[in-house]
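In what follows, a structure is listed as structure tokens, so that the remarks can point back to it.
Whatever order the structure lists them in is the order used to number ligands and atoms, beginning at 1.
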Amino acid sequence: MERRTLVKAAAASVALGAAAVLAGCEKKESPVSTEPGAPMLNLGKTQQWKMVTAWPKNFPGLGTGANYLAQLIESMTGGRIKVKVYGAGELVPAFEVFDAVAKGTAELGHGAAYYWKGKTEAAQFFTTVPFGLNAQEMSGWIHYGGGQQLWDELYAPFGLKPFGAGNTGVQMGGWFNKEIKSIADLKGLKMRMPGLGAEVLERLGATPVNLPGGEIFQSLQSGAIDATEWVGPYNDLAFGFYKVAKYYYWPGWHEPGSVMEGLVNKKVFEALSPDLQAIITAAMRTAYEDMLAEFTARNSSALKTLVGEHKVQLKRFPDEVLKQLGQVSKEVVEGLAAKDPAAKKIYESFEAFRKSALSWTQIGEEGYSLARALTFG
Ligand code: CA
């Protein structure tokens with residue numbers, strides 16, 4: 001094919017991708033036209049990829065976010081890469097996504113980096129840190145603060161290329177059947193929580209357990225666990241936790257802006273032509289921003305349903321509890337940096353970014369929120 005034709009075809013492919021992005025705002029199910037005779041660019045060999053995920057198939061926000069990413073890749077490549085999405089347990093269990101993509105069982109994965117702390121504890125920085133960066137700041141650190149490079153370095157020995165492929169925004173503190181009035185109320189509590197937040201709970205005498213999303217409801221219902229966190233109103237309503245827990249606590253101190261992760265097998269990624277690599281990168285970025293927009297839009301209406309229809313009692317953790325959680329969180333994160341050289345390097349970058357972000361966030365986002373509350377409550 002002549003160069004001019006190729007350039008034109010590539011431009012058409014980008015336009016097709018942009019149309020898919022716009023279509024995705026309204027209706028995520030079908031960014032690719034499936035009408036007979038609809039134009040479909042196919043420049044070369046078609047690759048059939050598998051995407052394994054840590055979510056129940058089609059689970060609102062997370063599972064559908066993975067579907068959206070797969071559809072974007074397919075439409076933006078003009079069908080050169082087709083992706084079949086597997087829910088947790090369909091091809092591999094939720095917590096084996098990392099290994100499956102590393103080994104090449106699947107070309108792609110969608111999950112969260114803190115699920116792989118058994119592989120490398122430093123991975124946790126790339127999902128969230130208790131009292132760490134909010135969603136906007138995480139995006140800043142990963143894309144403009146050196147985070148992506150550190151993430152690439154950390155995952156390269158495993159044969160993986162990581163991307164941010166979603167963000168839930170700030171999460172909720174969790175579901176409880178007893179009130180948390182002081183830090184002592186956490187003692188003895190068996191609570192589902194992943195990541196660094198789990199270590200904070202453990203230091204405070206609770207027993208954290210990590211369960212994939214699909215197993216939480218039953219565990220809470222049967223009394224195998226006393227409390228749980230999951231994500232926020234939109235996702236927690238979908239799982240129906242209000243049926244088995246009375247109190248819904250805020251804020252989500254342990255997950256202030258959790259990044260969902262898109263994994264690509266490194267050899268597969270590196271074998272792609274530069275245009276396909278650019279498309280995969282852009283699709284991940286689009287999926288990242290799209291998920292944050294969806295959670296932002298849907299959390300507020302879900303919260304209304306939880307409180308209005310299901311009579312969930314919203315509670316805020318007392319300041320004293322939050323202060324102590326903050327102090328222990330600091331010790332846990334510093335402890336991780338002290339024992340693992342990879343974690344230390346990432347911690348230093350993350351901490352420097354947090355310090356620098358604070359000054360702007362306080363007068364920027366927080367300053368604005370306080371100003372808005374003066375008139376609009
Ligand atoms: Ca969570």
Side-chain angles (χ1 to χ4, degrees), residues 53-56 59-66 88 94-95 97-98 110-118 123-135 137-138 164-176 180 186 189-202 206-220 225-242 244-245 247-261 288 291-292 294-296 298-299 302-303 306 312 314-315 317 322 325 329 332-333:
T53 70
W55 327 116
F59 186 75
L62 303 172
T64 55
F95 292 159
V97 165
F98 185 95
H110 196 272
Y114 60 13
Y115 291 152
W116 330 127
K117 69 177 180 182
Q124 298 175 98
F125 283 99
F126 300 104
T127 307
T128 192
V129 169
F131 297 93
L133 305 177
N134 67 21
E137 294 162 350
M138 270 309 269
N167 194 310
T168 64
V170 66
Q171 301 200 356
M172 282 290 281
W175 297 85
F176 297 81
I180 305 300
L186 292 171
L189 207 67
K190 203 167 178 190
M191 181 168 185
R192 184 269 176 192
M193 186 180 284
L196 291 161
E199 290 177 44
V200 175
L201 287 186
E202 197 164 22
T207 307
V209 280
N210 193 13
L211 294 168
E215 294 174 23
I216 303 173
F217 182 88
Q218 210 187 353
S219 303
L220 195 56
I225 55 173
D226 307 310
T228 188
E229 68 80 58
W230 171 231
V231 181
Y234 176 43
N235 275 183
D236 294 6
L237 173 64
F239 268 151
F241 297 136
Y242 61 87
V244 285
Y247 304 115
Y248 196 21
Y249 268 84
W250 61 283
W253 57 272
H254 62 302
E255 298 204 46
S258 297
V259 172
M260 300 300 110
E261 178 183 74
Y288 184 102
M291 189 186 287
L292 185 56
E294 184 178 11
F295 276 92
T296 303
R298 301 201 201 278
N299 273 335
L303 185 63
L306 285 169
V312 166
L314 278 180
K315 297 264 180 201
F317 289 118
L322 288 169
L325 286 167
S329 296
V332 163
V333 179

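Contact record, Pro130 with Ser329: CB-OG, 3.5 Å, taken as the closest heavy-atom pair.
Between Tyr242 and Tyr248, the distance separating the two ring centers is not shorter than 6.0 angstrom.
Taking backbone and side-chain atoms together, Ser258 has no N/O/S atom less than 3.0 Å away from the Ca ion (ligand 1). For the Ca ion (ligand 1), the N/O/S atoms of Gly197 include none lying under 3.0 Å.
Remark: the Tyr234 side chain and the Glu294 side chain contain an N/O donor-acceptor pair separated by less than 3.5 Å.
The backbone N or O of Asn134 sits less than 3.5 Å from a side-chain atom of Glu137, completing a donor-acceptor pair.
Atoms OE2 of Glu255 and OE1 of Glu229, as seen from the Ca ion (ligand 1), are separated by an angle of 90°, to the nearest 10°.
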